[in-house]
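Contents: one structure, followed by commentary.
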Amino acid sequence: MNDPKHRQDAPEAERNAANFIHPLIDEDNRSGRFGGRVHTRFPPEPNGYLHIGHAKSICLNFGLARRYGGQCNLRFDDTNPTREEGRFVEAIREDVRWLGFDWGGREYFASDYFGQLHDWAVELIRAGKAYVDDLSADAIREYRGTLSEPGRDSPYRNRTVEKNLDLFRRMRAGEFADGERVLRARIDMASGNLNLRDPVLYRILKAPHHRTGDTWCIYPMYDWAHGQSDSIEGVTHSICTLEFEDHRPLYDWFLDALGVHHPQQIEFARLNLTHTVLSKRKLLALVNNGHVAGWDDPRMPTLSGLRRRGVPPQSVHDFCERIGVARANSTVDIALFDHCVRDFMNRAAPRMMAVLRPLKVVIENYPEGRSEEMVAENNPEDPAAGTRTVSFSREIFIEREDFMEDPPKKYFRLAPGAEVRLKHAYIIRCEKVMKGAAGEVVEVLCRYDPESKSGQAQGGRKVKGTLHWVSAAHAVRAEVRLYEHLFTVENPGDEKAHPDFTACLNPRSLEVLTDCRVEPGLARANPGDRFQFLRMGYFAADRDSTEKAPVFNRTVTLRDTWAKIARKG
RNA sequence: UCGGGCAUCGUCUAAUGGUAGGACGUCAGGUUCUGGCCCUGAAAGUCGAGGUUCGAAUCCUUGUGCCCGAGCCA
């Protein structure tokens, strides 16, 4: 347990890296600002699927609650009925659950608070802090001014409280058409912060809501709903991304105007990852334009995509811990994510032998019709994983790339006259190469050394290379889907460098291999089961997989030092 | 142009006025029945200019660069 390899088993707190939010919370706890309480929330809008960037937020919010012995709510920010759908709610729940977080029944919706929000709006009107504006959307935009010039007051800004109350009541009663009127806060049309130039609180939207149906025809804007929802839930620290920084003065203004519980908003930098895109719009385009097979395509950075590809949730946690939390915009190298996947899989995934591109090898001096059961360790990193047996016989398959008729130097694999170890079995020597009409290698003839069996007294003889293999008679056919990063360039989301991000798509992001041969035990893999295919990478059974037709997704390759050497020549 | 924010190895992130450290990546080597894992080592950073201080990544001034903001989206 003290083995550094097993640090994943260390208590959460020990792996919890420092970030700038901790001292802020520590100070609040010292001063007693929130009575020593720490309560966070993860607030997705149910209008799409969660991705790895959301995982950073989820791990942060739930992680802070865990670190400080507090709680974290799951709250759906469903204030826009034209974009949100119930089906996303279940998908989001599933993703958060997959990451292993439990919101303990504290599942809330901004729509739960529509009544309270309405009453508070009336309170603001009574206090002269909100008014109904008849200006059109275009006019409001014009009156708002620009980044460098102040706005102007709406001609409707100084209506009486009675008139505002009446108009707001009629807005709610459905007397006006969409867009005809809005309720705005009366703050400061000259503010340098555009969010304070009389922001809209309510707009008229005669659209059914996924939870409240047609109860409402006016819906609160994000700014009006979010802070108050935090307040109602007793949230202490409202963690959000950097683009909401300009909204904080408004967040504070509403809570102060209402005189209710006032959480602290804290902003952090959202995650960017190389070789992928994380914008909802671009992800949607990938799905809609058929560049990927769906939201859970294993190439997608969505949590459902990662899950289907076989990424363990522990790796996502580890990744989120390692990237840290800061206020500077940054782009994390996807190599770090891949490392986290390998790091966990190395310790957790049982080894199996699978030949992806088969080449037949006949061992001439091995008796026909004979076979033996070789003992194979399931995971050299985990003795407790035990052993299994693998059938060996006269005809086997090896990987095509593990044989070269005319090998470069430093090639440790099979070649005419060369010797290699067959993992868990014998040392063989290549005696002859059989070719087809086009001169292609179709079969390799070898002789084995009976004294070299794995685990035998004489088995210790050293050879440079060790190959994985399967017995031709025993192996089963399988489909294997090889995935690579979706984009060839580091930052496909950079619209200046790449106006059309789909032009950066990696043409080799998916390669389907249908004639693979795998150990028979693999046919019984259940969807989601993860393995290391020896020397080939980490794989997981796809949800399409059946015992008759097993299908595996490559989650990530192994580190490949040979590929690096070969590339350099 | 106005308001807000951010600049530390290639990348991400620590250092709370006192030895600039870790991780990924890269390179070199060791070990190995996985060219995996593991182990050892190396290269690699405080945006620029002034100032305060015994001492500055940290504080001050100033410059530069980048990000966010003009939805009845979130």
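Computed from a prediction, not measured in an experiment: that's the story for all the values here. Per chain, numbering begins at 1; letters A, B, ... match sequence-line order.
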Checking R75(A) against F42(A): charged group under 6.0 Å from the ring centre and within 45 degrees of the axis? no
Using the six-membered ring of Y131(A), assess whether NZ or CZ of R159(A) lies under 6.0 Å from its centre and within 45 degrees of the ring axis. no
Compare side-chain N and O positions of R322(A) against OP1 and OP2 of U13(B) and report whether any pair is under 4.0 Å apart. no
Listed range with range, the stems formed with RNA chain B by at least 3 consecutive Watson-Crick or G-U pairs (under 3.5 Å) are B:2-7 with B:64-69, B:10-13 with B:21-24, B:26-30 with B:38-42, B:47-51 with B:59-63
If you measure from the Lys or Arg side-chain nitrogens to the Asp or Glu carboxylate oxygens, is any gap between K464(A) and E419(A) under 4.0 Å? no
Please determine if R41(A) and D230(A) form a salt bridge, counting it only when a charged side-chain N lies under 4.0 Å from a carboxylate O. yes
Residues forming a ring pair (Phe, Tyr, Trp, His ring centres under 6.0 Å) with F533(A), sequence neighbours excluded: F539(A), F552(A)
Heavy-atom pair of closest approach, residues A415(A) and C430(A): O-CB, 3.2 Å
Does any donor-acceptor pair link the side chain of [X] with the base of [N] at a separation under 3.5 Å?
X	N	answer
D246(A)	G3(B)	yes
R413(A)	G35(B)	yes
Q532(A)	U34(B)	yes
E381(A)	G36(B)	yes

Chi-angle category of G71(B) [syn within 90° of 0, anti beyond]: syn
